Structure formats: structure tokens, C-alpha cells
Amino acid sequence: MSNTACKVSVVSAVVLAVTMSLLTHDSNAEHKDDNTKCDLYKGSWVFDKSYPLYDSAKCPLILQQFNCPGNGRPDLRYQKYRWQPNNCNLTRWDEREVGSKMRGKRIMFVGDSLSMNQWQSLACMILSSYPRSPYHPTNTPPLSTIFFPELNLTLMYMRNALIVDLEIQKTHKVLKLDSINSATANQWLQTDVLIFDTWHWWLHTGRKQPWDLIQDGKIMRREMDRLKAYERGLMTWTKWINKNLDANKVKVFFQGVSPDHWNASDWGMPETQQCGGEEEPLKQAAAVESGGINYRSADFILKKVLKRLKKPVHLLDIEELSKFRVDGHPSIYGNPKKIGMDCTHWCLPGVPDTWNQLLYATLLTF
């Protein structure tokens with residue numbers, strides 16, 4: 001081989017090594033400053049005319065509760081905001097990469113209606129990427145499934161708001177903080193990607209409270225500190241993960257705490273306004289509370305518990321970036337009659353699309 005050919009070969013090898021290093025970076029994001037570590041979750045919302053990622057009118061999979069334009073919401077500016085990390089760029093949704101990365105996968109969301117919010121968002125993003133592809137939705141409670149045969153892709157949502165068991169014992173509904181049903185959990189393991197979520201139902205009281213009694217080991221009580229109960233339930237889940245998860249087969253994520261915006265005084269507006277009428281993100285994240293419990297406390301507990309895991313679980317750290325989006329909730333546009341107020345869930349297209357971009361960016365690193 002000539003000297004020139006050797007030099008070309010060496011240069012090509014160096015270029016290839018550098019390229020592979022960039023492509024396999026743990027955040028899978030393009031850096032604006034190579035001297036600064038990328039944190040995809042620190043940034044701001046910027047207006048982007050190219051958004052949204054899909055048209056809600058062309059996604060019949062959206063639940064009416066999340067279809068704000070279909071329910072008459074007149075302002076659509078809230079759909080035009082893109083999450084911009086401070087020191088890098090979040091990987092854009094790319095239909096070619098989606099097809100290669102998600103083909104043949106079984107992806108399951110496990111949690112409450114906010115988990116369903118994210119599940120439907122991902123389904124619409126995929127349908128937009130493959131608009132002529134057939135799909136087959138089925139619903140066998142607590143499991144809802146959407147199958148895309150062209151991709152051999154199965155998207156599932158399992159309704160399980162508390163993750164730990166809720167059982168009927170005689171005439172009472174008992175929340176068992178130290179128990180996870182094995183039959184249910186075995187379905188979790190028959191997947192390639194799992195995204196868990198739980199928080200909001202731990203706050204409900206009165207008629208909305210899903211249990212009558214709380215059981216922790218041999219102790220049965222009617223009430224306990226909700227943050228302590230939440231932490232105890234999460235610890236039971238981590239024990240199950242540590243014992244049962246094969247990380248080579250199943251990639252696990254946890255959807256962070258999704259904030260609601262019921263108290264407008266949190267962001268300097270009259271308390272009675274709630275999230276109604278908001279059309280733009282906040283400049284600074286609100287100090288959101290619900291039932292007197294600060295969401296930051298729940299977020300702290302979740303992160304503390306996740307650190308105790310022996311198996312890899314990836315946190316979708318959505319709490320802080322979602323706090324800005326007072327404009328992203330359905331408010332009165334959760335139904336055509338505009339009855340009631342929803343400052344918990346999110347309009348689609350909207351904020352959960354960013355959660356899925358973060359999920360997608362992480363999946364690209366595997």
C-alpha cells in the first residue's frame with residue numbers, strides 16, 4: 001500500500017471513530033458547546049413554525065378529552081412550541097429512524113390517564129410518519145393495544161394508576177403497598193420497552209379516592225401521609241424490578257411527575273382563573289402544588305427511590321419542563337360542550353409529544 005493510501009486510511013479511521021463517538025453519546029443530542037455536558041431536561045420553550053408534529057384532525061386515535069382543536073379551542077399557538085435544551089439540540093423525530101428503531105417492538109405504557117396521554121401522543125406521531133399504514137386498535141381492559149402491521153409494532157397502554165395492588169377484600173377496596181400482582185407483572189415482561197407512571201391518584205380523597213383501606217405488611221389503616229404511601233409503593237416496584245427485570249431484553253423508563261396547573265396564583269394570576277385562557281408558556285416555571293403537596297416533593301421522592309435500583313431504569317424527567325406549560329392543558333376544551341375544567345391532562349398535539357421525543361432520543365442510544 002502506498003504512503004498516500006495509508007494516510008487516507010488513517011484519516012478515514014479517525015473520522016469514523018469521531019463520528020461513532022458523536023452518534024453514541026449518552027444523550028443522543030447535537031452539542032452546541034462541546035465543553036458543556038448536555039442535559040436534555042434543562043432549557044426553554046421556543047416558538048417553531050414547523051410544529052406541531054402531526055395534525056389532530058388526521059389522528060382518529062386521540063381521545064376526545066385530549067382533542068382540544070376538535071372540541072373548539074380557537075387558539076393553536078400552544079402547538080407551536082418546541083423544547084430547546086440549553087447546550088444541545090433535542091433529536092428531531094425522524095420517520096426513517098423511527099421505522100428502523102421501533103420496527104418489531106412491543107412498547108407498553110403502564111400507569112394512569114397521563115400515561116394514556118403519552119401513549120396516544122406516540123401513536124399519532126407514528127401514524128403521521130406512516131400515514132398510509134393500516135393500524136388495528138383493540139381494547140380489552142385494562143389493556144388497550146394499537147398494532148401497526150407495516151412496522152410489526154405494538155403500542156400498548158395498561159391502566160394501572162397505582163402500580164401496586166388494589167384488591168377487593170370483603171366489602172373494602174384495599175391498597176396493598178407491598179404487593180404487585182404477578183399475573184399483571186408477567187405481561188410487563190413480554191415487551192421490549194416499558195414506560196411506567198404513577199402519582200396523581202395517590203392524592204385523591206373523598207369519592208375520588210380509589211381505596212378504602214391501606215395495607216402495609218400486616219398493618220391496615222384508613223389513612224396515612226400520601227407522600228410516605230407513594231414512596232412505599234415505589235419501593236415495592238423497585239424491588240420487583242431488581243428481582244425480575246432482564247435489562248438485556250426489556251428497556252425500562254419512568255415518566256416523571258407531570259404537574260397540573262389548577263392554582264393560577266402559583267404563577268401570579270388570580271387563583272380562580274386556574275389554567276383557563278392561558279395561551280403561552282410561562283417565562284419561569286410555576287411552583288405547582290396540588291392538595292397542599294408540592295410536586296417538587298413527589299419528584300424528589302421518585303428520584304431518590306430510582307437511585308436505589310440495581311437495574312437500569314431511565315427517568316423521563318418531565319416535571320420541570322412541563323411546569324412552564326400552563327397553556328398546554330385542555331381547560332374547558334376537554335369536551336365539545338366546554339363543561340368543566342381540566343388543568344391536569346394535556347392537549348394533543350402538545351407537551352406529551354416532547355416527552356416522546358425525549359423517549360425516542362434515549363432509545364436511539366441503545
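Because the structure is predicted, anything quoted here is derived from the model rather than measured.
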Tyr135 ring center within less than 6.0 Å of Phe147 ring center: no
Do the ring centers of His200 and Tyr295 come within less than 6.0 Å of each other?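 Yes, they do, as the ring centres are separated by less than 6.0 Å.
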For the pair Asn71 and Lys338, evaluate side-chain contact (heavy atoms from CB on, under 4.5 Å) and give the outcome as yes or no after the intermediate values. CA-CA 8 Å; Asn71 292 327; Lys338 303 174 184 60; 6.0 Å; no
Determine the sole option in Asp342, Asn335, Leu348 for which the side-chain contact (heavy atoms from CB on, under 4.5 Å) test with Gln65 is passed.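 One option only clears the test, and that one is Asp342.
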Hey, are [X] and [Y] close enough for a salt bridge, meaning a charged N less than 4.0 Å from a carboxylate O?
| X | Y | answer |
| --- | --- | --- |
| Lys239 | Asp178 | no |
| Arg92 | Asp94 | no |
| Arg103 | Glu150 | no |

Test applied, side chain to side chain donor-acceptor pair (under 3.5 Å); reference residue, Trp355; option that passes from Ser258, Ser322, Ser121: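 Exactly one option meets the side chain to side chain donor-acceptor pair (under 3.5 Å) with Trp355, and it is Ser322.
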What verdict does the salt bridge (charged side-chain N to carboxylate O under 4.0 Å, His left out) test give for Asp317 and Lys303, after you've listed the backbone C-alpha separation in whole Å, the side-chain angles of each residue and the deciding distance to 0.1 Å? CA-CA 9 Å; Asp317 198 3; Lys303 290 174 180 175; 3.2 Å; yes
Once you round to the nearest 0.5 Å, how far does CG of Leu234 lie from CH2 of Trp237? 7.5 Å
So Val305 and Met235, side-chain contact (heavy atoms from CB on, under 4.5 Å) or not? Walk me through it. CA-CA 7 Å; Val305 170; Met235 286 300 300; 3.8 Å; yes
Ring-face cation contact, Trp45 with Arg325, 6.0 Å cut, 45° max: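 Yes.
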